[in-house]
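Everything on this sheet refers to the single structure shown next.
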Amino acid sequence: MRYTEYLLPTLKETPSDAEVVSHQLMLRAGMIRKLAAGIYNYLPLGLRSIRKVEKIIREEMDRAGAIELLMPMVVPAELWEESGRWDHYGKELLRFSDRKDSPFCLGPTHEEVITDLVRNTVRSYRQLPLNLYQIQGKFRDEIRPRFGLMRGREFIMKDAYSFDLDEAGADVAYEKMYQAYRRIFERCGLKFRAVEADTGNIGGSSSHEFMVLAASGEDAIVSCGQCEYAANIEKAEVALAENRTPEPAADMVKVSTPGCKSINDVSSFLDISPECVVKTLIVQTDAGETLAVLLQGSHELNDIKLCRFLGCNEVTLATDEVVSKVAGVLPGYVGPVGLPLRIIADHAVRGMSDFAVGANESDMHCVGVNLGRDFDVECFADLRSAEAGDICPRCGGVLEIWRGIEVGHVFKLGTKYSSALKATVLDDNGQDRVLFMGCYGIGVGRTVAAAIEQNHDENGIIFPLPIAPFHVLVTVVNPREEEVLAAAEKIYTELQDLGVEVLLDDRDERPGSKFKDADLIGIPLRLTVGARGLKENAVELQERAAGDRRMIPLAEVSALVRDMVVTACGF
RNA sequence: CGGGGCGUAGCGCAGUCUGGUAGCGCACCUGUCUUGGGCACAGGGGGUCGGAGGUUCGAAUCCUCUCGCCCCGACCA
């Protein structure tokens, strides 16, 4: 492709409404343009990158035995009513009526449609297992679209749905998808982790998220330095410590702690470590219960674990007013001794003795407090979030914390949709059997955005070769010099004949502008053809990632570049 | 949906408080010049100041309503 015949509108300045780097760079590199909140045009350069990801996905899905189809984006309401989600999905589901006033929605996900298709077309267990996928535009009327392609309202998604006769079959399908996903993100050239995830409200028993590691990621994940264990922080288990309760050595004493409302205040005022303080959090559930949760001072409450433990949907920290009413004191001085509430505690508290707690009196704490002697708790549970340095719950190694961007998610759905929509087949005994399903999603645009989030510098994007819009950029230093232009065009043609995707910057611009644009759009390999090098019969090769430059003889350059491309993405 | 902020040329912004001929940088067009890290000079085009109503001799500026967009929270690929 010749730059002068292409549409590649780069921006020198950063548009003010773009907050995160990937969004800024995609705008500046001329990959996307916004049409409305959360809705984007994919410009030629951006589309090329997206198509690369799609191609890798297709190849790996096909390899794993999945079959591509395409479902409509517009879905009749009756299917959603049948699954019960028409009433439960909320405003994210964009609803509208056709000219006959029949209700429809734009599909934000396609469990209903695929299940309907399968129940109408698959009759026998002999047609199973089946895994159907599509790559399609989705629409979710997000409350708050943001960060460009990272969280748009309209977005491109690969969604796959597996159908099996029984749970064991579904497990096999799940494992195949898990492995396919690993290959997909490896082939994209991304650093990622597959983590155990909370199943959220889609339901189902087991689930993994695929997280592209990036400092700006919205999710925190933990992974073990020694073994394969990795999990979303929402779900990461905390290994049980030895938990022998040391014998109390001190008497409980009330001490004055004026103005000490936080754990840090208390521990530094009393000159003890935060690990010797127990914090008492008053929480309220959506079921209307108010209770106290005890944690070691330095630990963080994990409200998802707490919800799961309590069997409720939501917990919130009680307001100052509520705390005053139930504990008789403002937050900061609440403690378990004499507290007239249900009290549960994190496992770590079980191993503590002679600790400090709030005294349920303003500006007062108690020290030398001990479980069992001074107060009791109803039970112990895993209620805190894992931290860097914690012991791995699987192998005893040390846990690390990373930040990640969720680009893929695999779920075991069980029979939730198949039973709601009565998707059954006959088994070998002629009996109706409800299908076991799995669903598997990848955000295609988000994967490109995450790749940029993970791979950029102050000058622009640094594309991993397998998903770069072009493999190589050939910069013509001065296209007005005939020998220079001719040499560049020769390389351009040679490379194309070798199957290399090349962008020829033949613009009559100053070299500086072209180099700046080259850095911005992040094509991994760059050849600079100028009079200076041609005198030596050579061109300069620069890798965007490493930045170092070397001169390559004209006669060798095309083959060398082809080899580099083949090595990186094996086309 | 709750809280905060912004709409002035394609992009980035000033001007708004204190009403008085709509500006700057970049980009764009023409010409000359220049060509290994966003040249230089000269000339030029481009705006119903988000929209509607109001106050006023006069509104980008003050008032009312409205639309759009961004940021912080709960949701998700």
Side-chain angles (χ1 to χ4, degrees), chain A residues 9-20 23-24 27-28 30 33-39 53 57 89-93 108-110 135-160 181 197-198 200-202 209-212 218-219 232 286 303-304 313-316 405-411 439-450 459-460 475-481 484-485 505 507-520 526 528-535 539-540 542 547 549 551:
Chain A
T10 57
L11 260 26
K12 209 181 274 193
E13 289 171 286
T14 302
S16 58
D17 56 2
E19 191 70 9
V20 298
H23 187 197
Q24 294 173 347
L27 251 14
R28 288 228 291 139
R33 282 291 123 97
K34 185 172 70 181
L35 182 63
I39 300 176
V53 173
I57 291 174
Y89 207 84
K91 288 206 191 167
E92 228 170 86
L93 187 62
T109 175
H110 281 66
I135 296 178
Q136 186 214 31
K138 293 271 189 283
F139 194 93
R140 292 183 192 170
D141 201 356
E142 292 273 348
I143 295 162
R144 187 148 93 85
R146 60 186 138 172
F147 304 152
L149 292 197
M150 205 78 93
R151 184 181 308 225
R153 290 195 291 174
E154 188 186 282
F155 57 101
I156 300 170
M157 179 171 163
K158 188 283 304 182
D159 48 330
Y181 273 39
D198 190 64
N201 54 11
I202 296 192
E209 290 166 337
F210 287 76
M211 297 280 193
V212 169
E218 284 189 273
D219 292 287
N232 194 303
D286 57 337
D303 48 359
I304 296 198
N313 294 316
E314 200 184 355
V315 291
T316 48
I405 299 163
E406 183 189 350
V407 291
H409 205 153
V410 293
F411 275 104
C439 76
Y440 318 92
I442 293 179
V444 177
R446 187 186 276 189
T447 299
V448 173
N459 295 314
T475 302
V476 189
V477 173
N478 183 357
R480 292 194 189 185
E481 295 177 21
V484 176
L485 185 59
D505 192 349
R507 291 176 299 167
D508 184 18
E509 293 284 335
R510 304 218 104 215
S513 305
K514 293 193 271 200
F515 292 141
K516 286 291 183 192
D517 277 338
D519 287 340
L520 216 210
R526 186 197 306 173
T528 305
V529 184
R532 191 194 285 175
L534 288 181
K535 260 185 242 154
V539 293
E540 181 187 273
Q542 180 174 5
R549 306 166 191 183
M551 300 306 294

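We name chains A, B, ... by the order of the sequence lines, and we start the count at 1 in each one.
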key: A:Val476 side chain near A:Glu481 side chain, heavy-atom distance below 4.5 Å   = no
query = If the C1' atom of B:G36 is compared with that of B:U32, how far apart are they to the nearest Å?
reply = 23 Å
query = Where the side chain of A:Phe147 is concerned, which of B:C72, B:A74, B:U35 is the nearest nucleotide?
reply = B:C72
request  = Have a look at A:Asp159 and say if it touches a base, only the backbone sugar-phosphate, or nothing, with a 4.0 Å heavy-atom cut-off.
outcome  = nothing
inquiry  = Please confirm whether the shortest side-chain N or O distance from A:Ser16 to OP1 or OP2 of B:C13 is below 4.0 Å.
reply    = yes
remark   = On RNA chain B, more 5' by nearest nucleotide between A:Pro479 and A:Glu19 is A:Pro479
inquiry  = How many whole angstroms separate atom CG of A:Asn459 from atom P of B:G37?
reply    = 14 Å
message = With rounding to the closest Å, how many angstrom separate the C1' atoms on B:C63 and B:A27?
response = 38 Å
key: Check: A:Asn478 side chain, B:G36 base, donor-acceptor under 3.5 Å   = no
note = Quick note, A:Glu540 side chain, CB onward, closest among B:A77, B:U34, B:G36 is B:G36
inquiry  = Which is more 5' along RNA chain B, the nucleotide nearest A:Pro511 or the one nearest A:Ala18? Just name the residue.
reply    = A:Pro511
request  = Kindly state whether the pair A:Phe155 / B:A77 counts as stacked, where counting means centroids closer than 5.5 Å and planes tilted less than 30° apart.
outcome  = yes
A:Lys91/A:Asp141 salt bridge by N-O under 4.0 Å criterion = no
note = Separation between CD1 (A:Ile57) and CD1 (A:Ile156), nearest 0.5 Å, reads 10.0 Å
message = Tell me the interatomic distance from A:Glu92, atom CD, to B:C1, atom P, rounded to whole angstroms.
response = 15 Å
key: Check: A:Arg532 side chain, B:U35 base, donor-acceptor under 3.5 Å   = no
Base partner of B:G2, which must satisfy Watson-Crick or wobble distances under 3.5 Å = B:C72
remark   = Between the NZ atom in A:Lys514 and the CD atom in A:Glu509, the distance rounded to the nearest 0.5 Å is 7.0 Å
ask   = If we take the C1' atom in both B:G4 and B:G47, what is their distance in whole Å?
value = 30 Å
query = Looking at CD of A:Glu19 and CD of A:Gln24, how far apart are the two atoms once the value is rounded to the nearest 0.5 Å?
reply = 7.5 Å
query = Closest to the A:Phe515 side chain: B:C75, B:G37, B:C11?
reply = B:G37
request  = Would you tell me if any nitrogen or oxygen in the side chain of A:Arg146 comes within less than 4.0 Å of OP1 or OP2 on B:C69?
outcome  = no
key: Rounded distance in Å - CZ (A:Arg507) to C1' (B:G37)   = 13 Å
inquiry  = For a quick check of understanding: with a heavy-atom distance under 4.0 Å over all strands, which category does A:Thr447 fall into, base, sugar-phosphate or nothing?
reply    = nothing
request  = Under 4.0 Å between any heavy atoms, over every strand shown, what does A:Gln542 touch: base, sugar-phosphate, or nothing? Just pick one.
outcome  = base
request  = Return the nearest nucleotide to the side chain of A:Arg510; candidates are B:C39, B:C75, B:G37.
outcome  = B:C39
remark   = Checking B:C11, B:C75, B:U35 against the side chain of A:Arg151 (C-beta onward), the nearest is B:C75
request  = Tell which nucleotide pairs with B:G25, taking only Watson-Crick or G-U wobble pairs whose two distances are both under 3.5 angstrom.
outcome  = B:C11
inquiry  = At 4.0 Å (heavy atoms only), tell me whether A:Val477 reaches a base, stays on the sugar-phosphate, or touches nothing.
reply    = base
message = Once you apply a heavy-atom cut-off of 4.0 Å, does A:Lys514 come out as touching a base, just sugar-phosphate, or nothing?
response = nothing
query = According to the Watson-Crick and G-U wobble definitions, with both distances under 3.5 Å, which nucleotide is paired to B:A40?
reply = B:U32
query = So what does A:Gly152 hit on the nucleic acid, given a heavy-atom distance under 4.0 Å: a base, only sugar-phosphate, or nothing?
reply = base
ask   = With rounding to whole Å, what would you report as the distance between B:G20 and B:U66 at their P atoms?
value = 28 Å
ask   = Base, sugar-phosphate alone, or nothing: which one does A:Arg549 contact when heavy atoms must sit under 4.0 Å apart?
value = base
query = With no angle test and no hydrogens, is the base of B:C11 tied to the side chain of A:Arg28 by a donor-acceptor pair under 3.5 Å?
reply = no
inquiry  = Please confirm whether the shortest side-chain N or O distance from A:Lys12 to OP1 or OP2 of B:G38 is below 4.0 Å.
reply    = no
inquiry  = Looking only at the side chain of A:Lys34 (C-beta and beyond, no hydrogens), which of the listed nucleotides B:C69, B:U34, B:C75 gets closest?
reply    = B:C69
request  = May I ask you to say what A:Gly530 touches in the nucleic acid, namely base, sugar-phosphate or nothing, with a heavy-atom cut-off under 4.0 Å?
outcome  = base
query = Taking N and O atoms by type only, does the side chain of A:Glu509 place a donor or acceptor under 3.5 Å from a partner on the base of B:G38?
reply = no
task = Could you work out the separation of B:A22 and B:A14 based on their C1' atoms and round it to a whole Å?
result = 11 Å
query = When all nucleic acid strands are considered with a 4.0 Å heavy-atom cut-off, which category describes A:Lys138: base, sugar-phosphate, or nothing?
reply = nothing
ask   = What distance, rounded to whole Å, do you find between the two P atoms, one in B:G12 and one in B:G54?
value = 33 Å
query = Which of the following nucleotides, B:G36, B:G37, B:G38, is nearest to the side chain of A:Ser513?
reply = B:G38
query = Atom CD of A:Glu142 and atom P of B:C69: how far apart are they, to the nearest Å?
reply = 15 Å
Nearest-angstrom distance from the residue atom NZ of A:Lys516 to C1' of B:C26 = 15 Å
Atom pair distance, as rounded to whole Å: CG in A:Leu11 and P in B:C13 = 12 Å
task = Quick one: look up who B:C65 pairs with, Watson-Crick or G-U, both distances under 3.5 Å, and put none if it's unpaired.
result = B:G51
ask   = Between B:A77 atom C1' and A:Met150 atom CE, what is the distance in whole Å?
value = 12 Å
ask   = For the side chain of A:Lys158 and the backbone of A:Tyr440, is there at least one donor-acceptor N/O pair under 3.5 Å apart?
value = yes
task = Send over the distance from A:Ile39 CD1 to B:G68 C1', rounded to a whole Å.
result = 13 Å
message = Quick check: any donor-acceptor pair below 3.5 Å linking the side-chain of A:Arg144 to the base of B:C70?
response = no
request  = Remember a base hit wins even if backbone is also touched, and classify A:Ile143 as base, sugar-phosphate or nothing at under 4.0 Å, heavy atoms.
outcome  = base
message = I'd like to check the side chain to side chain donor-acceptor pair (under 3.5 Å) partners of A:Arg151; sequence neighbours left out, ordered by chain and number.
response = A:Glu218
ask   = CG/A:Asp17 to CZ/A:Arg146 distance, rounded to the nearest 0.5 angstrom?
value = 15.0 Å
inquiry  = So A:Gly533, base contact, sugar-phosphate only, or nothing? Heavy-atom distance under 4.0 Å.
reply    = base
message = Give me the distance, rounded to whole Å, that separates B:C6 from B:A60 when you measure between the C1' atoms they each carry.
response = 15 Å
query = How many angstroms lie between atom CG of A:Leu149 and atom CZ of A:Arg446, to the nearest 0.5 angstrom?
reply = 10.5 Å
message = Tell me whether A:Gln542 contacts the main-chain N or O of A:Gly547 through its side chain, where contact means a donor paired with an acceptor under 3.5 Å.
response = yes
task = Compare the minimum distances between each of B:A77, B:C69, B:G37 and the side chain of A:Glu406, then state the nucleotide with the smallest one.
result = B:A77
key: Whole-Å C1' distance, B:C69 and B:C11   = 16 Å
